[in-house]
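Inspection log for the structure reproduced underneath, given as structure tokens.
Numbered from 1 within each chain, the chains take letters A, B, ... in sequence-line order.
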Amino acid sequence: MAKRTEQKGTIMERDFFTDVMDVVRQVPRGRVTSYGAIAKYLGAPRSSRLVGWSMNRAHDVKPNVPAHRVVNRNGLLTGKHHFATASRMEELLNEEGVKVKKDQVLDYTKKFWDPAVELDM
DNA sequence: TCCATGACGAGAT
DNA sequence: GATCTCGCCATGG
């Protein structure tokens with residue numbers, strides 16, 4: 001796990017990007033999380049956009065990053081257009097048992113996986 | 001250097 | 001409950 005800081009402002013002491021990748025890789029199969037949840041876990045609850053920014057550069061990262069398990073706070077597959085094909089994200093989720101309807105994760109609240117709760121705190 | 005943009009989110013209207 | 005507005009911070013023109 002990446003080193004974190006409670007202090008807002010010193011959060012970038014370590015690659016925010018790497019932190020995001022680390023958290024996303026820990027999302028279990030069949031579960032999803034949100035950009036905001038990750039941002040919050042990393043100590044930057046207001047910087048969810050940075051999470052999205054990081055995800056944009058996650059396609060090349062060596063250890064596979066299950067980016068399809070990250071959706072926005074509404075359980076909407078807002079990042080599907082950044083995958084190889086627009087249907088790739090939905091396919092991957094379905095394979096893991098996460099049903100998707102119209103870019104919307106069904107039972108989102110049940111499938112939701114909050115790192116801040118599931119990991120430590 | 002200033003401005004617009006973005007896989008977002010929360011609060012206000 | 002649908003929309004709008006603003007905050008966040010890195011990037012690119």
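For A:W53, taking side-chain heavy atoms from C-beta onward, the closest of the listed nucleotides B:dG9, C:dT11, C:dC9 is C:dT11.
In summary, A:K80 and A:D103 engage in a salt bridge, as defined by a charged side-chain N under 4.0 Å from a carboxylate O.
Under the 4.5 Å side-chain criterion, counting only non-hydrogen atoms from C-beta, A:M21 is not in contact with A:P63. Side-chain contact between A:N72 and A:S34 is absent, with no heavy atoms from C-beta onward closer than 4.5 Å. Put simply, the side chain of A:L50 does not reach to within 4.5 Å of the side chain of A:L42, judged on heavy atoms.
Between the P atom of B:dC8 and the CZ atom of A:R46 lies a distance of 17 Å, rounded to the nearest Å. In this entry the distance linking CZ of A:F16 with C1' of B:dA7 reads 13 Å, nearest Å. Following rounding to the nearest Å, A:N72 (CG) and B:dC8 (P) show an atom-to-atom distance of 6 Å. The distance between atom CZ of A:R57 and atom P of C:dC9, rounded to the nearest whole Å, is 17 Å. Across the protein-nucleic acid pair, A:L50 atom CG and C:dA10 atom P stand 6 Å apart, rounded to whole Å. Separating the CE atom of A:M55 from the C1' atom of B:dG9 is a distance of 16 Å, rounded to the nearest angstrom. Look at CD on A:Q104: it is 15 Å from C1' on B:dA7, rounded to the nearest Å. If you take CG of A:N56 and P of C:dA10, they are 15 Å apart, rounded to a whole angstrom.
Nearer the 5' end of DNA chain B, as judged by each residue's closest nucleotide, is the contact made by A:R49, out of A:N74 and A:R49.
Rounded to whole Å, the C1' atom of B:dA7 lies 23 Å from the corresponding atom of C:dA2. Nucleotides B:dC8 and C:dG1 place their P atoms 23 Å apart, quoted to the nearest Å.
Within residues 77-102 of chain A, the residues that place at least one heavy atom under 4.0 Å from DNA chain B are, in residue-number order, A:T78, A:G79, A:H82, A:F83.
Interface remark: the A:S48 side chain does form a donor-acceptor pair with the B:dC8 base, using a distance-only criterion of under 3.5 Å.
Using modelled atom types, one finds no donor on one side chain facing an acceptor on the other under 3.5 Å when comparing A:E91 with A:H68.
Under the side-chain contact (heavy atoms from CB on, under 4.5 Å) rule, A:V20 has a single partner from A:V24, A:T18, A:D22, which is A:V24.
At a threshold of 4.0 angstrom between heavy atoms, the contacts of A:S34 are confined to the sugar-phosphate backbone, with no base atom among them.
With sequence neighbours excluded, no residue forms a salt bridge (Lys or Arg N to Asp or Glu O under 4.0 Å) with A:R73.
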